[in-house]
Number of protein chains: 2
Amino acid sequence: MARSSGVLEFAVLGLLHDSPMHGYELRKRIGSALGTFRAYSYGSLYPALKTMTSEGLIAADDASGAGRRSKIVYRLTADGKERFQELVSESGPASWEDEAFGVHLAFFARTNKDVRLRILEGRRSRLEERLDTLRTSLRQASERVDSYTLALQEHGLESVEREVRWLNELIATEREDSPSSRGSKAVLDAPTQQRNNKE
Amino acid sequence: MARSSGVLEFAVLGLLHDSPMHGYELRKRIGSALGTFRAYSYGSLYPALKTMTSEGLIAADDASGAGRRSKIVYRLTADGKERFQELVSESGPASWEDEAFGVHLAFFARTNKDVRLRILEGRRSRLEERLDTLRTSLRQASERVDSYTLALQEHGLESVEREVRWLNELIATEREDSPSSRGSKAVLDAPTQQRNNKE
DNA sequence: GTTAGCATGTAAGGAGTTACATGATTTT
DNA sequence: AAAATCATGTAACTCCTTACATGCTAAC
């Protein structure tokens, strides 16, 4: 029965956590809450809402008084809240990927500090891997390719470098206010978990 | 018969333009030529090569001497060259989208200056629209959302601003060496074409 | 002789968009 | 009363990935 999954489900749960909403509004909020980086069409959203309803994660308060249609307000169920807690606490490799990282960050306020640090540091280590690859390929490229391709790759490299610096600031801020609960050493040493490196 | 389309086709044509290659190598080159921003699996590439062969855009020099399989070298046909010229000369709205813009830039060396300027300026105007939206939503967000969501949106905004500055440099360079062929005024005034603004 | 990397391919399915179809409500 | 925008929904389709299956070739 079409198991719901991914960023869209996560975003819906997170937004409905604040307050019930109908699909149309949900869609706009997803677009702005997730920054630039993701917008969904109704063709994705409405079927997803149906699936999630049938899974019991959300419930439709169908506001049709008489024969009218229109305005279905969705709210989170207890199961939905639980599911959201699961998702928001996930700090493994999957949560440092581009899209997933974005949603996680958007709902950071509902996580605890240890999880936040693990995700931020995980993300950073993921980007550092990418920098390695990029720098290597750029060194080789310098002699083979034209100036445009080079410019493109350099710009890409600098973007990643910028994100790393940005993460460093976030991590520093995170450590600053209240020097972290016990277990801080474990957190500091945490990342660089083995990831499936097929390729 | 499965009309081929999009970034992958474009990239294949562009790379085969340099020299014949087999699929395996094509895949690696696509990954590096297109910077970070796109990599395709074999599950996409090989079927695409088949389709393109059946369309006559590329031809398979099947190097199987006797009963052996393995190593199919693809090369561009006359039709393929023509198709590539069409694609590379396309400077309309579609070419300023993220992915499309990336491929276009990767093959900029095979375009003429007028096309390059139209694409760069188109891309810039597209990003400026995005900046507008982003700045507006950020102004509203400042009072509603938590510091993490804010940080995410600010970082997104700055990334776009950076790309605009980068484009400005590319455009300046483009204009610098040889002050442009006749028709320069038309080129300078060109962009901001009406785009389909449904939303 | 076995592991690693080169090389090609297919089937099933996931995730999302576009285009269409419909209707309610608000604004001008 | 027309136009805009709010609101919901579906069907067809596109594009791509994953997982699997196969075999060659070089290096250790």
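Here is how names work: the chains are called A, B, and so on, in the same order as the sequence lines, proteins then strands, and each is numbered from 1. The model shown is predicted, which means the values in this text are computed figures rather than measured ones. Computed from heavy atoms alone, side chains included, the values below leave out hydrogens, waters and symmetry copies.
- Rounded to whole angstrom, the span from the OH atom of B:Tyr42 across to the C1' atom of C:dA7 amounts to 8 Å.
- A distance below 6.0 Å separates the ring centres of B:His104 and B:Phe10.
- The nearest whole Å value for the distance from the CG atom in B:Leu49 to the P atom in C:dT8 is 8 Å.
- Among the atoms of the strands shown, only primed sugar atoms or phosphate atoms (P, OP1, OP2) are found under 4.0 Å from some heavy atom of A:Ala39.
- Closest non-hydrogen pair, B:Arg123 versus B:Trp96, comes out as NH1-O, 2.7 Å.
- Residue B:Arg38 has a polar side-chain atom (N or O) positioned under 4.0 Å from OP1 or OP2 of D:dT17.
- Minimum atom distance to the side chain of B:Ser41 is reached by D:dT17, of the listed D:dT17, D:dT10, C:dT17.
- One interatomic measurement links the two molecules: NZ of A:Lys71 to P of D:dT5, which rounds to 17 Å at whole-angstrom precision.
- Protein atom NE2 of B:His22 is 9 Å distant from nucleotide atom P of C:dC6, rounded to whole Å.
- The CD1 atom of A:Ile72 sits 18 Å away from the P atom of D:dC6 (whole-angstrom rounding).
- The phosphate of C:dC6 (OP1 or OP2) has a side-chain N or O of B:Tyr24 nearer than 4.0 angstrom.
- Residue B:Ser44 places none of its side-chain N or O atoms closer than 4.0 Å to OP1 or OP2 of D:dC16.
- When the nucleotides C:dT8, D:dT17, D:dG9 are ranked by their closest atom to the side chain of B:Tyr40, D:dT17 comes out on top.
- One finds no salt bridge joining B:Glu161 and B:Arg130 here, because no Lys/Arg side-chain nitrogen approaches an Asp/Glu carboxylate oxygen to under 4.0 Å.
- Within 4.0 Å of B:Gly43, counting heavy atoms only, lies at least one base atom of the nucleic acid.
- Not one side-chain nitrogen or oxygen of A:Arg27 sits closer than 4.0 Å to the OP1 or OP2 atom of C:dT17.
- No engagement by A:Ala48 is indicated, since no non-hydrogen atom pair under 4.0 Å with the nucleic acid exists.
- In this structure, B:Arg110 forms no cation-pi arrangement with B:Phe108, as its terminal cationic atom is not both closer than 6.0 Å to the ring centre and no more than 45° off the ring axis.
- As rounded to whole Å, 9 Å separates atom P of D:dT8 from atom CG of A:Leu45.
- When distances run from any side-chain atom of A:Lys50 to the nucleotides C:dT17, C:dG9, D:dT10, the shortest one goes to D:dT10.
- Taking atom CE on A:Met52 and atom C1' on C:dA15, their separation rounds to 15 Å, with Å as the unit.
- Both tests pass for A:Arg27 against the ring of A:Tyr42: distance under 6.0 Å to the centre and angle within 45° of the axis.
- The phosphate of D:dT8 has OP1 or OP2 within less than 4.0 Å of a side-chain N or O from A:Tyr46.
- What separates CG of B:Leu8 from P of D:dT14 is a distance of 15 Å, to the nearest Å.
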